[in-house]
> 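Starting off with a structure, shown below.
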Number of protein chains: 2
Amino acid sequence: MALEHAILVSLLEKPGSGYELARRFERSIGYFWTATHQQIYRVLKRMEADGWIDVREVPQQGRPDKKEYSVSGYGRTALGEWLHEPIQPESVRHELAVKIRGAAFDDPRALIGEVRRHQRMHRDQLEHYLAGERRDFGAVDAPPCDGVRPDAGRELQHAVLRGGIAYERMMIAWLDDVLDTLHRLGPGR
Amino acid sequence: MALEHAILVSLLEKPGSGYELARRFERSIGYFWTATHQQIYRVLKRMEADGWIDVREVPQQGRPDKKEYSVSGYGRTALGEWLHEPIQPESVRHELAVKIRGAAFDDPRALIGEVRRHQRMHRDQLEHYLAGERRDFGAVDAPPCDGVRPDAGRELQHAVLRGGIAYERMMIAWLDDVLDTLHRLGPGR
DNA sequence: TACTGCATGTAAGATGTTACATGATTAC
DNA sequence: GTAATCATGTAACATCTTACATGCAGTA
């Protein structure tokens with residue numbers, strides 16, 4: 001029941017159409033919460049019916065008109081309430097871990113290519129995050145100047161991005177470990 | 001479409017009933033793939049109908065009879081095929097990350113307690129993993145003796161466990177970073 | 001007597017995925 | 001002309017979650 005809330009956060013950061021939200025869920029917020037455009041349109045309708053968001057028809061030239069959604073006061077309250085609720089344990093799905101354990105019943109070395117492929121994807125994602133960090137948060141971490149209030153949104157987005165970076169680095173290192181293990185084991189049973 | 005395969009792996013490691021599988025999905029394999037007993041019973045039925053698993057009625061004394069499932073040759077083939085398929089990108093859901101970004105539109109400091117709670121849970125999970133590692137894989141990493149074939153299943157389970165350990169350590173460190181950030185930001189807008 | 005563990009299920013509803021559908025503009 | 005981008009949706013199906021349901025044995 002949190003796609004609604006992810007959408008609220010995204011619309012508070014910047015109002016936009018269903019299409020634009022779908023694009024954001026392919027990057028940025030999508031690194032921590034995925035959704036397809038079909039889901040988004042369905043949920044936007046419900047949120048509008050519930051009064052969490054307002055719509056504004058935006059006529060455009062050279063491209064189809066769009067509906068720009070923004071968060072209503074009511075939606076903001078709903079987000080606040082959600083923020084104060086404790087999170088319940090998330091359901092985990094690490095398909096690669098299941099495959100690694102399954103490899104014991106097959107030829108373990110057959111997984112090597114797949115693990116390498118994943119490692120490459122994680123390296124790419126890390127590069128992507130680091131490029132984003134350089135672009136959006138600069139290379140130097142300037143110490144906060146006295147009297148200058150740090151921008152909470154920016155700081156928090158950066159903190160989340162640092163989490164993504166730490167995750168990718170951890171995965172790359174772990175997959176090195178897995179590759180070592182797979183190489184040590186001979187051909188399967 | 002991978003709960004089937006997680007069940008195949010678990011049943012290959014050790015045959016068992018639906019109830020026992022449900023318990024395993026609360027520990028061990030459950031650290032990488034979650035499932036409730038309702039899901040498990042439903043999928044076991046389908047797998048049996050598809051001939052992936054065999055059932056054996058086991059009468060018991062002092063407790064209800066159970067159905068012990070084990071993987072058939074056909075199921076083993078299905079697992080092998082799945083192992084050779086490339087994994088497609090998994091859908092991510094990090095509710096805490098969404099909340100952290102959302103905190104910019106509320107009082108960031110209100111999240112501190114929740115973040116601390118998560119950090120405690122990750123510390124507990126780390127302790128749990130480390131205890132399991134000591135118990136199941138011993139404190140010393142004995143160098144492989146010549147001629148002694150390492151047990152693939154054991155080695156791979158250990159590799160997956162090391163992944164869990166690395167993940168928890170990364171999360172604990174990142175949440176320290178997040179706590180620093182939340183403290184630096186004053187009360188919300 | 002009440003609770004916990006073992007053991008198996010059904011049913012309803014929410015959510016997520018995949019495929020289909022339309023139509024204009026812009027770039028190659 | 002062909003493909004990609006912008007923009008919005010519907011429909012069917014699969015999966016997941018939550019609640020309900022049963023019944024016996026052992027323990028506090």
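Computed from a prediction, not measured in an experiment: that's the story for all the values here. Throughout, protein chains are lettered first and strands after them, A, B, ... in sequence-line order, and every chain is numbered starting at 1.
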> Rounded to whole angstrom units, what separation is found between the CH2 atom of A/Trp33 and the C1' atom of C/dG16?
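Nearest whole value for this atom pair: 12 Å.
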> Rounding to an integer number of Å, can you tell me how far B/Glu26 CD sits from C/dA7 C1'?
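So the CD-C1' distance, B/Glu26 to C/dA7, works out to 14 Å.
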> Look at the side chain of B/Arg23 and the base of C/dG5, then say whether one donor and one acceptor between them are separated by less than 3.5 Å.
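Result: no qualifying N/O pair found.
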> Would you mind reading off the distance between B/His37 atom NE2 and C/dA7 atom C1', rounded to a whole angstrom?
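In whole Å, C/dA7 C1' lies 9 Å from B/His37 NE2.
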> Could you give the CG-to-C1' distance, from B/Leu21 to C/dA7, as a whole number of Å?
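After rounding, the reported distance stands at 13 Å.
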> If I compare all heavy atoms of B/Ile100 with all of B/Leu111, which pair ends up nearest, and what's the gap?
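For B/Ile100 and B/Leu111, the tightest heavy-atom pair comes out as CA-CD1, 3.8 Å.
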> Nearest whole Å is fine: how far is D/dA25 P from B/Gln61 CD?
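In whole Å, D/dA25 P lies 11 Å from B/Gln61 CD.
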> Over how many whole Å does the gap from A/Leu44 atom CG to D/dT10 atom P extend?
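Taking CG of A/Leu44 and P of D/dT10, I get 12 Å after rounding.
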> Do B/Ile53 and B/Leu8 come close enough that some side-chain heavy atom pair is under 4.5 Å?
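Yes - at least one pair of side-chain heavy atoms lies under 4.5 Å apart.
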> Go nucleotide by nucleotide along DNA chain C from the 5' end; which of B/Tyr41 and A/Gly62 gets its closest nucleotide reached first?
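With B/Tyr41 and A/Gly62 compared, the 5'-side residue is B/Tyr41.
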> For C/dT17, does either OP1 or OP2 sit under 4.0 Å from a side-chain N or O belonging to A/Gln39?
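So the side chain of A/Gln39 is within the cut-off, an N or O lying under 4.0 Å from OP1 or OP2 of C/dT17.
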> Between B/Tyr19 and C/dT8, is there a side-chain N or O to OP1/OP2 distance below 4.0 Å?
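No, because none of the side-chain N or O atoms of B/Tyr19 sits under 4.0 Å from OP1 or OP2 of C/dT8.
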> Should the side chain of A/Arg42 and the base of C/dT17 be counted as holding a donor-acceptor pair, with the cut-off at 3.5 Å?
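It does, because a donor-acceptor pair links the side chain of A/Arg42 to the base of C/dT17 below 3.5 Å.
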> Check the orientation of A/Tyr31 and A/Tyr129. Use parallel for under 30°, tilted for 30 to 60°, and perpendicular for over 60°.
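A/Tyr31 vs A/Tyr129 ring planes: perpendicular.
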> How close or far is atom C1' of D/dC16 from atom CG of A/Leu3, stated in whole angstroms?
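Checked: the CG to C1' distance equals 15 Å.
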> Give a yes/no on whether any side-chain N or O of A/Arg93 is located under 4.0 angstrom from OP1 or OP2 of D/dC16.
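The answer is yes; a side-chain N or O of A/Arg93 sits under 4.0 Å from OP1 or OP2.
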> Select one nucleotide: of C/dG9, C/dT18, C/dT15, the one nearest the side-chain heavy atoms of A/Arg46.
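The answer is C/dT15, which lies nearest to the side chain.
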> Relative to each other, are the rings of A/Trp52 and A/His5 parallel, tilted or perpendicular (30° and 60° limits)?
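A/Trp52 vs A/His5 ring planes: tilted.
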> Please tell me which of B/Gln38 and A/Ser17 maps to the more 5' nucleotide of DNA chain D, matching each residue to the nucleotide holding its nearest heavy atom.
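Final value for this comparison: A/Ser17.
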> Mapping B/Thr36 and A/Lys45 to their closest nucleotides on DNA chain D, which lands nearer the 5' end?
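Counting from the 5' end, the first nearest nucleotide belongs to A/Lys45.
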> Atom CD of A/Glu95 to atom P of D/dT15: distance rounded to whole Å?
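It works out to 13 Å between those atoms.
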> If you only use heavy atoms from C-beta on, which nucleotide in D/dT8, D/dA7, C/dT8 is closest to the side chain of B/Lys66?
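The answer is C/dT8.
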> More than 12 heavy atoms of other residues, nucleotides or ligands under 6.0 Å from CD of B/Gln88: is that the case?
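No, not enclosed.
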